[in-house]
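Only one structure is covered here, and it is reproduced in the block below.
So that the names make sense, note that chain A is the first sequence line, chain B the second, and so on, each numbered from 1.
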Amino acid sequence: MTAVIPLHYFLIVSTLMFFIGIYGFLTRKNLITILMSVELILNSVNINFVAFNRYLFPGELQGHFFTLFIIAVAAAEAAVAIAIIISVYRRFTNIDVERVDTMKH
Amino acid sequence: MDFSFTVWIPLLPLILFVFLGLTSGSIRPKISGYIGTAGMTITTLMSYFVAYQYFFNRPAGSETFEKIIAFNTVWLNLTEKLQINLGVLLDPISVMMLVVITTVSLMVHIYSIGYMNGEKGYSRFFSFLSLFSFSMLGLVVATNIFQMYICWELVGVSSYLLISFYYERPTAVAAGKKAFIVTRFADLGFLIGILLLSFVSGTFDFVSLTDPQGALITQGSSLTFMGLSVMTWALVLIFMGGAGKSAMFPLHIWLPDAMEGPTPVSALIHAATMVVAGVYLVARLFPLYVFAAPDALTIVGYVGGITSLFAAVIACTQNDIKRVLAFSTMSQIGYMMLALGVSGYGDHHGLGFMASMFHLFTHAMFKALLFLAAGAIIHAVHSNFMTEMGGLRKYLPITHITFLIACLTIAGIPPFSGFFSKDEILTAAWEHDKFLFFIEYAVAGLTAFYMFRLYFNVFWGKDRHYHHTPHESPLVMTGPLMFLAAASMFTGFIPFSSLVTSDSKPFESHIEWMIAIPSILIGVIGILVAMWFYKKENGISEKMAGGLKHLYKWSYNKFYMDEVYLFVTKKIIFNNISRPAAWFDRHVVDGTMNGIASVTNRTSSGIKGFQSGQLQKYGFVFVSGVIILVFTFIYIWFN
């Protein structure tokens with residue numbers, strides 16, 4: 001356990017992931033890519049949870065459980081989102097967010 | 001006697017108006033004519049019944065004719081003290097007016113069945129006639145001055161609708177607008193007068209307004225404005241409304257043009273009933289005029305006198321027979337106004353009031369007759385111009401006789417009714433104002449002259465070239481003529497002085513032969529001059545016209561009153577007031593508004609890009625904001 005990876009390495013990775021997710025979420029027009037960006041954001045949070053749990057409170061498990069919980073919810077959410085995306089595609093034959101604007105008018 | 005059923009007298013024509021108006025087009029026009037006439041017959045019979053009950057069946061022992069409120073209901077309850085009621089007030093003048101209006105209206109209804117036969121808008125015509133009858137009946141039975149004002153305006157509307165009945169004819173449309181605008185302008189004065197009067201008195205109610213023992217008359221108002229009491233102002237302004245409706249100089253310009261309407265309408269509205277509304281208004285408020293504002297009453301008298309002379313002079317040179325009759329109407333209404341102006345209150349002093357109402361009554365009969373006969377003539381020869389008529393007595397015997405009776409009546413030849421009423425007016429004028437008296441003598445001569453000028457031109461002289469041989473009208477048209485001719489002959493014997501008087505108490509009046517005989521002579525001279533001029537075409541009239549060239553020209557052009565109005569409105573008011581006002585409105589008022597609008601417009605189009613509806617853009621702004629805030633806090637935190 002000499003060559004321990006410092007905590008802030010994890011944090012840097014998760015921050016990068018988080019902002020890549022934000023960036024993708026704000027700039028991509030494709031619904032699938034947006035969904036993927038959301039997953040990135042969620043997973044960066046998961047990394048934080050796990051890392052903090054491991055380094056700051058090694059004897060406890062709340063962080064791990066929370067991570068598992070988030071993964072489960074994210075899976076459900078992805079299933080719903082993809083179902084929506086498929087019906088959007090069937091309706092409009094594309095999944096570009098800027099062109100799916102019928103409800104606005 | 002319970003008079004509450006009288007509320008149906010005005011209501012029945014209203015129901016007919018609505019019914020005929022809604023069903024026009026879905027029932028046959030003829031049927032709607034019959035329905036309208038039948039309804040009017042019922043109304044007429046009710047009015048006769050009311051008149052009989054009121055005048056001849058009054059409670060035993062009472063000397064005076066009481067004012068009866070037969071029906072009254074609160075219409076608008078504005079405040080505790082200020083209410084506007086609708087109701088039916090019966091007193092001698094309103095009952096008399098009921099008889100006049102329903103009689104003439106019924107005759108016109110019957111006559112129109114024949115006259116309007118086959119015209120476009122037949123049922124519309126009858127529904128408008130019903131509307132008019134409703135408004136006029138509502139006007140005369142008004143219990144308060146506001147109800148009168150409402151009906152006054154309704155009368156104006158129906159007059160407008162009927163003048164422009166032939167709405168495809170531009171002159172008819174223009175005439176309707178002219179009538180409406182001129183009388184509306186006069187009604188502005190009326191409204192201000194009403195407001196002043198109610199401000200002073202605190203009531204709209206006629207019974208309390210005109211009570212000679214009432215607070216308003218005995219105490220009056222101490223308020224003055226520009227040297228005259230507020231009461232005088234109010235009554236002069238109210239008279240302005242009356243003058244507009246009654247075509248008194250200088251608000252008369254609409255009446256000659258109103259002849260564009262169908263002839264039965266001219267007979268009903270612009271001769272017999274509506275135009276005397278102004279006289280009725282002054283008569284209704286007569287105690288106020290006499291006691292509270294004698295100055296206003298003098299104005300009434302002089303306006304009447306001037307109008308009667310002015311109109312009589314114009315009537316002598318007009319060639320359109322309906323216009324001659326229109327000016328004669330003005331002249332006769334001038335007589336009535338004058339009679340009110342020279343009247344006092346009570347007993348024999350109230351002779352002028354009685355004479356005015358008497359003349360109103362007889363005038364309604366003979367003027368309706370003249371117009372309906374003129375309608376029959378126009379119907380027969382398809383022209384309004386007497387220069388295109390002549391020798392018609394052979395073709396139209398009934399029309400000829402009835403027209404002659406009407407001419408003799410208006411010329412004041414005994415024993416026809418016009419003689420009696422005119423004599424009373426002259427007597428009243430003699431006792432009160434010699435100047436007006438001599439004006440009326442002159443007018444009497446002129447009246448006889450121009451009426452017989454018309455008569456001889458139309459019925460005598462050479463035959464003209466007609467499109468087809470003129471033929472007498474059907475009975476449905478000549479029947480009313482004969483009825484009205486009989487009325488013109490015999491209504492003079494009604495003892496008006498024991499029925500309709502200023503203080504509702506009967507008094508004795510008798511014919512002043514000292515005044516009557518010269519007036520008969522003047523009438524006869526007028527007739528003889530007209531006969532000499534016009535019975536055969538001998539060129540004397542043209543010579544006379546040449547000799548009095550300027551007078552003739554002025555009279556022929558109606559003293560250029562229309563031109564004066566046009567000058568005042570177009571040159572002075574339009575150029576100096578309306579145009580600058582329009583410029584101010586268009587450039588300053590509109591400019592300000594447009595400026596504000598365009599600033600708003602530009603600002604919003606500048607910033608509208610922010611609200612794109614793109615969630616991702618909003619998200620971007622949100623995240624950027626968060627980041628900026630975070631860095632700001634961090635910066636503050638570590639410093």
Residues, nucleotides or ligands: over 12 heavy atoms within 6.0 Å of A/Lys29 NZ: yes
Under 4.5 Å from any heavy atom of chain B - which part of A/Tyr23: neither
Spatial distance of atom CZ (B/Phe620) from atom CD1 (A/Ile22) [nearest 0.5 Å]: 11.5 Å
More than 12 heavy atoms from other groups under 6.0 Å of CZ on A/Phe57: no
Heavy-atom neighbours of B/Phe165 CZ exceed 12 at 6.0 Å: yes
B/Gln616 side chain near A/Val97 side chain, heavy-atom distance below 4.5 Å: yes
Crowding at NZ, B/Lys617 (>12 non-hydrogen neighbours, <6.0 Å): no
For B/Ile627 against A/Phe19, the heavy-atom pair lying closest together: CD1-CE2, 4.1 Å
